[in-house]
Number of protein chains: 2
Amino acid sequence: MATRQKTSRKAAATAAAIRRARTANGRAHNSDAGDDIGLDALIGHAGYAVRRFQLWIFQDFIKTLATVDIRPTQYSVMTVIGANPGLSQMAVAKRLGIERARLVHLLDSLEERDFVSRIPSATDRRSHALHLTARGKTALAQFKRLAAEHERHVAEKIGKDNREQLLQILACFT
Amino acid sequence: MATRQKTSRKAAATAAAIRRARTANGRAHNSDAGDDIGLDALIGHAGYAVRRFQLWIFQDFIKTLATVDIRPTQYSVMTVIGANPGLSQMAVAKRLGIERARLVHLLDSLEERDFVSRIPSATDRRSHALHLTARGKTALAQFKRLAAEHERHVAEKIGKDNREQLLQILACFT
DNA sequence: AAAGATTGTTGTTGACGACAACAATTGATG
DNA sequence: CATCAATTGTTGTCGTCAACAACAATCTTT
């Protein structure tokens, strides 16, 4: 085991410990599968199901768009800017529910890759008008094709109808 | 503005910039609300809706259980251990889809608060048999009541029927 | 002109997922 | 039985992300 084991390995095993160890391994005589372990109250918790689902869906998105090296948040930023050129950073941050502090770094990387440009606003010298570059526009078109492919993966995973129901149920959050 | 503004504030504003700035602010003459900004392709992306929903649901969970200072992951760990006493760390990690490296810290904090105890396994001296302490059991009972209250918030937010549909759709991830 | 709000920026903190190593131990293979 | 591969808990690092708190520049209000 590890170096800083808290309880000595040689410590006497209590009868309770033995009993429980039996319970744990004996339940289906196959603890490797990780199955047959009850979740108890976790079943019926929307948060848990949603967390697991989001993990899966983000991993698939990242994998599907790995060739273009675009992550979900970057994609959402470019999509909103593409659909609403000239938005300020505040407006984009509010719309997507991300912090403006975080958006700074996101835009930095997108600007470095020449996908987005910050143009000083003519009406408010504090703010930037965000635009896609020409390169950004063609790139986004490709991203959307890959994202659509990812969306098909989702439909395969949970079912076409279920996916649409999901979108409808969660529409109030978009 | 900030100290390290990339483009000089005094830089001449192009006609295009002016036009777009007008577009951004003029769309509904109220850019504060953050409304009326199209999401374009983002609508119809399950990942985006799920991300927003998970953000909301986790924040509500944390808020609802703030008095007991329990986060969603900690709650899931205690719930699984409570329902399956004697599990090894590997088994818990696999079942919940968290890394065993991460579970180490989670258990450290839960053990410090005397909610969980690592008992050396009688059959495998590498592994620990995880158990709730007496204090952990009574605490978990309270956590479950608060979690149920949080779940009611979810039902209020998306609707009782929708919540159940959601759980059914995502059941394959739990 | 002064006071307060807004915008972009920087920095810090903490939770979290992913990986890579490692010692101790177990299991399998010869 | 001896050896080698696999497993388990642990430590560490890295990068992403949300949440805050400060700050300078600028706008708005009065």
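By convention in this document, chain letters (A, B, ...) are assigned in the order of the sequence lines, proteins followed by strands, and residues within each chain are numbered from 1.
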(message) For C:dT6 and A:Gln89 - does any side-chain N or O of the residue sit under 4.0 Å from the phosphate oxygens OP1/OP2?
(response) no
Calculate the interatomic distance between [X] atom [atom1] and [N] atom [atom2]; express it in whole Å.
X: B:Arg52; N: D:dC17; atom1: CZ; atom2: P; result: 15 Å
X: A:His105; N: C:dG8; atom1: NE2; atom2: P; result: 14 Å
X: B:Arg100; N: D:dT8; atom1: CZ; atom2: C1'; result: 7 Å
X: A:Phe61; N: D:dT16; atom1: CZ; atom2: C1'; result: 15 Å

Which of the following nucleotides, [options], is nearest to the side chain of [X]?
X: A:Ser88; options: D:dA19, C:dG8, C:dG17; value: C:dG8
X: A:Asp124; options: C:dT26, D:dT10, D:dT26; value: D:dT26
X: B:Val104; options: D:dT10, C:dA18, C:dG8; value: D:dT10
X: B:Ile98; options: C:dG17, D:dG9, D:dC20; value: C:dG17

(message) Using the side-chain contact (heavy atoms from CB on, under 4.5 Å) criterion, which residues pair with A:Phe58? Sequence neighbours excluded.
(response)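 By the side-chain contact (heavy atoms from CB on, under 4.5 Å) rule, A:Phe58 matches A:Gln54, A:Pro72, B:Arg51.
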(message) Tell me every residue that passes side-chain contact (heavy atoms from CB on, under 4.5 Å) with B:Thr174, counting only those two or more places apart in sequence or in another chain.
(response)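 Once residues adjacent in sequence are excluded, the partners of B:Thr174 under the side-chain contact (heavy atoms from CB on, under 4.5 Å) criterion are A:Leu39, A:Ile43, A:Tyr48, A:Ala49.
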(request) Mind jotting down which residue pairs meet the salt bridge (charged side-chain N to carboxylate O under 4.0 Å, His left out) criterion with at least one end in residues 161-174 of chain B? Sequence neighbours excluded, please. (result) B:Glu151-B:Arg163, B:Lys160-B:Glu164
(message) Taking side chain to side chain donor-acceptor pair (under 3.5 Å) as the definition, give me every residue that meets it alongside B:Gln165, ordered by chain and number, with sequence neighbours left out.
(response)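 Listed in chain order: nothing, the list is empty.
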(request) Indicate, with a heavy-atom threshold strictly under 4.0 Å, whether B:Leu103 touches base, sugar-phosphate, or nothing. (result)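 Result for B:Leu103 = nothing.
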Could you list the protein-to-nucleotides 14-16 of chain C atom pairs, N/O on both sides, closer than 3.5 Å?
{"from": "C:dA15", "atom 1": "O3'", "to": "B:Arg71", "atom 2": "NE", "distance (Å)": "3.4"}
{"from": "C:dA15", "atom 1": "O3'", "to": "B:Arg71", "atom 2": "NH2", "distance (Å)": "3.4"}
{"from": "C:dC16", "atom 1": "OP1", "to": "B:Thr73", "atom 2": "OG1", "distance (Å)": "2.8"}
{"from": "C:dC16", "atom 1": "OP2", "to": "B:Arg102", "atom 2": "NH2", "distance (Å)": "2.3"}
{"from": "C:dC16", "atom 1": "O5'", "to": "B:Arg102", "atom 2": "NH2", "distance (Å)": "3.0"}

(message) So, using ring-ring contact (aromatic ring centres under 6.0 Å, His included) as the criterion, who are the partners of A:Phe115 when residues are at least two apart?
(response)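 Testing A:Phe115 for ring-ring contact (aromatic ring centres under 6.0 Å, His included), a comparison that skips the adjacent residues, returns A:Phe143.
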